[in-house]
**Q** 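Below: one structure in structure tokens.
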Amino acid sequence: MPELPEVEVTRRAVAKLVLGRQLAKVATTRASYFFLTPPATLRRRLEGRVIEGLLRRGKYLLAELDDGSRLLLHLGMTGQLLSSDAGRPDAHTHLVLSFADPGPSLLFRDARKFGKVRWLPPGKSDPRLDKLGLDALAVTGDHLFDASRRRRAAVKTLLLDQKVLAGVGNIYADEALFLAALKPTRRARTLTRAECARLAVAIVSVLEAGIIAGGSSIDDYVRPDGSGGGYQDQHRVYGRGGEPCPRCGGTLRRVVIGQRSSCFCPRCQR
DNA sequence: CAAATCCCCTGCAGGC
DNA sequence: TGCCTGCAGGGGATTT
């Protein structure tokens, strides 16, 4: 699902919902790799805490608690954070955070369970966070140029590598490459400085447009209030293999790069 | 290091 | 209608 824009839209809405509130009851489902911290530990550590901050790092969310500990969340492919005003817990709801006040609780649903939850003790980080590269909203041409020099692989693979750039996923990679007129299969090391600069501008541009539109809702992603985002209506190439290119009218191609489907215009993108 | 492969899990669309 | 296959916004482990 969720790439940087969807996670950021989620962060802003969840922040409004939870900041300053004290957790009263934490309901969990059975242990699984969804829970990097065992459910019982999670309950013991969270109940009674006040949520003081909610940050985003790439596609991760980090809730700051009043004892200095933090709660790390990742939405995986199908994760949703929902206000209880927008839906009732169901078979795919793995976590329900209820508060001491009578306001709505927060639900974490995830059909495929690729999402993650981990409690971090005060002062402790997580290797997943430590490995993250530059946040994609702060990318520069120089950063892309430097990161691509030793890469024989496709530029699209580079964009999806969270150690290089944190936050870009399959949708926004395809969209940014189209905007920058660069073929996703282009070997990363062959990019010029000027092309990297163009690509950096394109990445920031599509991510910001995605945030403004409320994210891309395809199958699963919804905002915490239950409403869908609107950026899927602005996708120029993602998921459009075989359809006409919005710029030249030629036929968009679909290829597979690093196990991910990729759509592009062979005429506009070099 | 970089890169390729497989795996985690569930739901859905499309073909037969 | 049912069964089967392939595919899906993510990322980690392992191997070469």
Side-chain angles (χ1 to χ4, degrees), chain A residues 1-11 29-36 56-61 72-81 90-94 108-118 126-133 136 146-177 184-185 187-190 203 206-207 209-211 213-223 228-242 254-263:
Chain A
M1 92 103 256
E3 305 182 28
L4 186 152
E6 291 74 33
V7 177
E8 178 60 21
V9 168
T10 298
R11 185 192 69 78
T29 49
R30 67 170 63 178
S32 69
Y33 62 81
F34 176 88
F35 290 107
L36 298 174
R56 182 190 57 74
R57 303 264 314 269
K59 301 175 195 171
Y60 287 88
L61 287 174
L72 182 65
L73 305 171
H74 194 289
L75 299 176
M77 288 277 262
T78 53
Q80 306 171 328
L81 290 175
D90 62 9
H92 293 309
T93 305
H94 308 295
F108 193 160
R109 296 185 73 243
D110 186 1
R112 286 173 76 180
K113 294 198 283 257
F114 289 169
K116 297 279 180 289
V117 178
R118 183 179 182 193
D126 181 287
R128 293 166 178 77
L129 285 181
D130 298 337
K131 281 188 296 197
L132 291 181
D146 294 343
S148 59
R149 292 309 87 189
R150 276 185 222 78
R151 297 271 189 151
R152 181 178 298 278
V155 58
K156 168 130 181 211
T157 304
L158 183 80
L159 297 188
L160 293 179
D161 185 344
Q162 304 298 298
K163 296 188 290 300
V164 172
L165 203 56
V168 174
N170 208 32
I171 294 178
Y172 295 91
D174 275 9
E175 295 298 310
L177 287 164
T185 52
R187 308 269 162 200
R189 69 191 333 178
T190 70
I203 289 167
V206 298
L207 294 176
I211 292 170
S216 298
S217 291
I218 313 269
D219 288 326
D220 299 281
Y221 172 72
V222 291
R223 295 189 262 191
Y231 196 66
Q232 65 283 355
D233 298 331
Q234 297 178 47
H235 292 170
R236 295 166 171 94
V237 291
Y238 173 79
R240 293 188 180 279
R254 176 185 176 279
V255 297
V256 175
I257 301 172
Q259 323 282 97
R260 318 295 301 277
S261 96
S262 308
C263 297

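As the structure is a prediction and not an experimental result, all values here were calculated from the model. Just so we're on the same page: letters track the sequence lines, and every chain starts at 1.
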**Q** For Ile211(A) and dG9(C), what is the distance between atoms CD1 and C1' respectively, to the nearest whole Å?
**A**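 My rounded result for the distance is 15 Å.
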
**Q** Is a donor on one side and an acceptor on the other found under 3.5 Å between the side chain of Arg223(A) and the backbone of Val9(A)?
**A**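 Not a single qualifying donor-acceptor pair exists.
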
**Q** Please confirm whether the shortest side-chain N or O distance from His235(A) to OP1 or OP2 of dG9(C) is below 4.0 Å.
**A**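 Checking His235(A) against dG9(C): no side-chain N or O falls below 4.0 Å of OP1 or OP2.
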
**Q** Please state how far atom CD1 in Ile218(A) lies from atom C1' in dG11(B), giving the value in whole angstrom units.
**A**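 For the pair Ile218(A) CD1 and dG11(B) C1', the rounded distance is 15 Å.
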
**Q** On DNA chain B, check which nucleotide each of Gly258(A) and Asp161(A) is closest to and give me the residue with the more 5' one.
**A**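 Upstream on the strand: Asp161(A).
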
**Q** Between dA8(C), dA3(B), dG11(C), which nucleotide gets closest to the side-chain atoms of Tyr238(A)?
**A**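 Closest nucleotide to the Tyr238(A) side chain: dA8(C).
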
**Q** Name the closest nucleotide to the Tyr33(A) side chain, picking from dG11(B), dC8(B), dA3(B).
**A**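 Looking only at side-chain atoms, Tyr33(A) lies closest to dC8(B).
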
**Q** With a 4.5 Å heavy-atom cut-off, do Leu75(A) and Gln80(A) have their side chains touching?
**A**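 They are not in contact (no side-chain heavy atoms under 4.5 Å apart), so the answer is no.
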
**Q** Could you state the NZ-P distance from Lys131(A) to dA2(B), rounded to the nearest angstrom?
**A**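 Rounded to whole Å, this separation is 13 Å.
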
**Q** Need one value for Arg149(A): base, sugar-phosphate or nothing, where a base atom within 4.0 Å counts as base even if backbone is also close, heavy atoms only.
**A**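 No contact.
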
**Q** Is any side-chain heavy atom of Leu4(A) less than 4.5 Å from a side-chain heavy atom of Tyr172(A)?
**A**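 No, every pair of side-chain atoms sits at 4.5 Å or beyond.
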
**Q** Using the P atom in both, what is the distance from dC3(C) to dC9(B), to the nearest Å?
**A**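 Here dC3(C) and dC9(B) have their P atoms 23 Å from each other.
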
**Q** Does the side chain of Arg128(A) get closer than 4.0 angstrom to OP1 or OP2 of dG11(C) through an N or O atom?
**A**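 For Arg128(A), the contact criterion (side-chain N or O under 4.0 Å from OP1 or OP2 of dG11(C)) is not met.
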
**Q** Closer than 4.0 Å, any side-chain N/O of Thr78(A) to the OP1 or OP2 of dT10(B)?
**A**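 No, no such contact exists.
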
**Q** Which residue lies toward the 5' end of DNA chain B, Ala147(A) or Lys113(A), if each is placed at its nearest nucleotide?
**A**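 By nearest-heavy-atom nucleotide position, the 5'-most residue is Ala147(A).
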
**Q** Between dT5(B), dG11(C), dC9(B), which nucleotide gets closest to the side-chain atoms of Phe114(A)?
**A**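 Minimum distance to the Phe114(A) side chain belongs to dC9(B).
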
**Q** Measure from CZ on Arg109(A) to P on dC9(B) and round the result to the nearest Å.
**A**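 The distance from CZ of Arg109(A) to P of dC9(B) comes to 18 Å, rounded to the nearest Å.
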
**Q** Can a side chain N or O of Lys116(A) be found less than 4.0 Å away from OP1 or OP2 on dG11(C)?
**A**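 No, Lys116(A) has no side-chain N/O under 4.0 Å of OP1/OP2 on dG11(C).
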
**Q** How long is the line joining CG of Asp110(A) and C1' of dT10(B), in whole Å?
**A**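 It works out to 10 Å between those atoms.
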
**Q** Quick one: Leu36(A) CG to dC8(B) P, roughly how many Å, whole number?
**A**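 Roughly 17 Å, once rounded to whole Å.
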
**Q** Among dA3(B), dG9(C), dC6(B), which nucleotide sits nearest the side chain of Gln259(A)?
**A**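 In terms of side-chain proximity for Gln259(A), the closest of dA3(B), dG9(C), dC6(B) is dC6(B).
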
**Q** Syn or anti for dG9(C)? Use the chi torsion, O4'-C1'-N9-C4 for purines and O4'-C1'-N1-C2 for pyrimidines, with syn inside 90° of 0.
**A**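 Judged by the O4'-C1' to base torsion, dG9(C) sits in syn, the angle falling within 90° of 0.
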
**Q** Using a distance-only test with no angle check, is there a side-chain donor-acceptor pair under 3.5 angstrom linking Glu3(A) and Tyr221(A)?
**A**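 Absent: no donor and acceptor within the cut-off.
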
**Q** Considering only dG9(C), dA2(B), dT5(B), which nucleotide approaches the side chain of Asp219(A) most closely?
**A**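 Looking only at side-chain atoms, Asp219(A) lies closest to dG9(C).
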
**Q** What's the gap between dG9(C) and dA4(B) when it is taken at their C1' atoms, as a whole Å value?
**A**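 Result for the C1' pair: 22 Å, nearest Å.
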
**Q** Can you measure His74(A) atom NE2 to dG9(C) atom C1' for me and round it to whole angstrom units?
**A**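 Atom-to-atom, His74(A) to dG9(C), this comes out as 10 Å.
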
**Q** Scan every strand shown for a Watson-Crick or G-U wobble partner of dC9(B), both distances under 3.5 Å, and answer none if you come up empty.
**A**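 When the pairing criteria are applied, nothing turns out to pair with dC9(B), so the answer is none.
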
**Q** Could you tell me whether a side-chain N or O of Gln162(A) sits under 3.5 Å from a main-chain N or O of Val168(A), the two making a donor and an acceptor?
**A**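 Pair found, side chain donor or acceptor close to backbone of Val168(A).
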
**Q** Side chain of Asn170(A) only, please: which of dA3(B), dG9(C), dG11(B) is the nearest?
**A**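 Minimum distance to the Asn170(A) side chain belongs to dG9(C).
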
**Q** Go through dC8(B), dC6(B), dG9(C) for me and flag the one nearest to the Tyr221(A) side chain.
**A**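 Closest of the options to the side chain of Tyr221(A): dG9(C).
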
**Q** Classify the side chain of Arg112(A) versus the base of dA8(C) as yes if they form a donor-acceptor pair under 3.5 Å and no if they do not.
**A**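 Yes.
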
**Q** Is a donor on one side and an acceptor on the other found under 3.5 Å between the side chain of His94(A) and the backbone of Asp110(A)?
**A**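 Judged by distance alone, yes, a pair lies under 3.5 Å.
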
**Q** Rounded to the nearest Å, what distance is computed from the NZ atom of residue Lys163(A) to the P atom of nucleotide dG11(C)?
**A**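 Going from NZ in Lys163(A) over to P in dG11(C) covers 11 Å.
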
